[in-house]
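Computed over heavy atoms, backbone and side chain alike; hydrogens, waters and symmetry mates excluded. The chains referred to below are lettered A, B, ... by the order of the sequence lines, with proteins before strands, and numbering in each begins at 1.
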Amino acid sequence: MDEHEALARAAGLSRAYALSAAEIEQAIARAARMRAELNPPEHAAAEPAPAFRAPFRSAGEAP
Amino acid sequence: MAAGRLSPVTCLEAHLDRIARFDPLLHSVIRLLPDEAREAATAAAREIAGSGPRSPLHGVPLGLKDLIDLAGHPTTCHSRLRLDHVAAEDAACVARLRAAGAVCAAKLATHEFAIGGPSFDLPFPPARNPWNTAHHPGGSSSGSGAAVAARLLPAALGTDTGGSVRHPASHCGIVGLKPTYGLVSRRGVFPLAWTLDHVGTLARDVRDTAALLHAIAGPDPEDPGSAMRPREDYARDIGRGVMGLSIGFVRHFHEQDEVATEEVSAAIEAAAAQFSRLGASVREIRLPGLAEFAAVNRILLGAEAGAVHQAWLSNQPEDYAESTRRRLLPGLFLRGVDVVQAARKRAALIAAVEAAFDQVDLLLTASSLDPAGRFDEPEETERTYSRQARTPFNVTGHPAVSLMCGLSRREGLPLAFQLVARGFAETTLLRAAAAYEDSAGFRGARPPGF
């Protein structure tokens, strides 16, 4: 089993790999590009945004 | 209708006639609901005659993107994976439309699960652009955009996770509003990515947009993303003009980050100049680059959509359109740390946009950077689909509206720009949008032949 097939199996995508190994290889490469294109904040303690709330001030609120 | 000059039944029948005549060219409708709609229109006529209209939408036929639940009908998500699904209840936004007296007349085409592109390997054909049916109408709320632009329906609801209301609105020459994150409940709307999903409106003009938003906005304790703030009269400042408002023109989005076509760029410049003529203070402002926002959106959307679709991708991958599968699969190869890094970056981007709103009341940006592509040029469509400036405001949650600002010379396709406001400042957003619409000469622009 090669690396891509192992990754597909670990992701629960054995059937998709059998359908098209090329699609899985492209997906793995795409995920790596997505990771590389993100520049995370430099400050090690910078907090993530809360998931279900856009944490901006409302119109009219003071900063 | 309120004055009794037009019956809801007559209005519905006129739109059903138009759907029968024109939708074979457009494929905007997945499921027409004539019997149920006639019943609702008849009841509306009776009620309006007896006690007056409940709202400006009373008796008005509307369409729903087929990700939105309508009790007793399938919510197919334009997918063969959902052909047998039947919604048990109305989505919260549909329940509110019905409470306002609107008539739900049709379920409308989308890209599969709101993420694929225009595809021909699905149970329903892709919607086409009424301005030129050789071209796509944008997406993923593609049927909503095409149907409203072609006057098959007065207005429709769509969903917007990376620009999917504003994209078809831009390419179809109508008004597309993505409200503030949390202002409109997502309950009963099939998710693409929970933390980025918004229910939005597609309408012929800004006043209709305000009426629709008033009907569907408001808190929902059963939506974990719902903002607990009451709805407002979003039309109350329409007509006040833009004198006294300051607008930050984010020119680098379409001149440096991604370069728009010459005519798109010229149309956006003309829109900015129009706001200056109307009395707004327009000045250039900088935000983080488009690529920064897009990188965050891709990872969060990929991971969340991967979670939604994991079981189907594992067990029935062949049942997706090829383009949908290709867009969904990378999300299953992201790592937990990628998602947290994206969420940390998201906080920084929200702060940057908030800082801009310390200086100005509104932002003016590009929407699409190209006119709509042709169906027979799939590679060009794939290339241009992601050339847009809408995604930043899914990442930040700020309200954004797209407005028509021109027609392309060669193909006669609509061009558009985008206005963005502070969180929950839809009233100001629609005030400025209406001032532009009232003065720029594009309201009522109609696709030739429709």
Side-chain angles (χ1 to χ4, degrees), chain A, chain B residues 180-182 194-195 223-227 229 291-292 294-296 298-299 302 306 310-311 313-318 322 325-326 328-335 338-351 353-355 357-358 395-398 421-428:
Chain A
M1 186 186 306
D2 72 8
E3 184 187 354
H4 289 151
E5 188 176 0
L7 286 170
R9 181 180 287 193
L13 296 172
S14 297
R15 187 179 172 115
Y17 186 84
L19 185 71
S20 173
E23 273 187 15
I24 295 294
E25 287 163 15
Q26 287 163 11
I28 292 167
R30 179 78 183 118
R33 279 202 304 279
M34 289 159 73
R35 190 175 301 132
E37 286 163 0
L38 182 78
N39 300 309
E42 288 178 11
H43 194 303
E47 294 250 1
F52 290 106
R53 182 170 62 87
F56 36 69
R57 301 188 305 274
S58 297
E61 284 181 15
Chain B
T180 307
Y181 182 81
W194 299 278
T195 72
D223 173 355
S226 178
R229 45 186 301 143
E292 301 284 310
V296 168
R298 273 195 292 269
I299 289 180
Q310 187 172 30
L313 286 169
S314 292
N315 301 321
Q316 300 167 256
E318 64 278 10
E322 182 271 337
R325 201 169 54 238
R326 188 158 37 80
L328 286 171
L329 282 170
L332 273 67
F333 294 101
L334 292 167
R335 308 171 305 189
D338 301 328
V339 178
V340 177
Q341 294 290 34
R344 295 172 75 222
K345 182 72 174 194
R346 184 182 201 180
L349 294 173
I350 291 168
V353 175
E354 284 294 285
F357 282 123
D358 287 340
V395 170
T396 68
H398 292 90
R422 296 185 181 98
F424 303 105
E426 275 82 357
T427 301
T428 305

Minimum heavy-atom separation for [X] and [Y], please, with both atom names.
| X | Y | result |
| --- | --- | --- |
| Leu7(A) | Phe333(B) | O-CE2, 3.7 Å |
| Pro48(A) | Ala347(B) | C-CB, 4.1 Å |
| Asn39(A) | Glu292(B) | ND2-OE2, 3.1 Å |

Non-neighbouring partners of [X] that pass salt bridge (charged side-chain N to carboxylate O under 4.0 Å, His left out), sequence neighbours left out:
| X | result |
| --- | --- |
| Glu37(A) | Arg298(B) |
| Asp338(B) | Arg35(A), Arg335(B) |
| Glu47(A) | none |

Kindly compute the distance separating CZ (Arg325(B)) from OG (Ser20(A)), expressed to the nearest 0.5 Å. 7.0 Å
From CG (Leu38(A)) to CD1 (Ile299(B)), nearest 0.5 Å: 4.5 Å
Neighbourhood of chain B inside residues 22-31 of chain A, taking heavy atoms under 4.5 Å as contact: Glu23(A), Ile24(A), Gln26(A), Ala27(A), Ile28(A), Arg30(A), Ala31(A)
Checking Arg344(B) side chain against Ala44(A) main chain: does a donor-acceptor pair fall under 3.5 Å? yes
Tell me, do Arg15(A) and Glu318(B) make a side-chain contact under 4.5 Å, heavy atoms counted? yes
Using non-hydrogen atoms only, which part of Leu19(A) is less than 4.5 Å away from chain B: side chain, backbone, both, or neither? side chain
Heavy-atom pair count under 4.5 Å with chain A, highest-scoring of [options]:
| options | value |
| --- | --- |
| Thr195(B), Leu328(B), Val353(B) | Thr195(B) |
| Ser314(B), Ser226(B), Gly182(B) | Ser314(B) |
| Pro317(B), Ala295(B), Ala351(B) | Pro317(B) |

Give, as side chain, backbone, both or neither, the part of Asn315(B) having an atom under 4.5 angstrom from any heavy atom of chain A. backbone
With chain B, the option among Ala11(A), Ala16(A), Ala46(A) that has the most non-hydrogen atom pairs under 4.5 Å is Ala46(A)
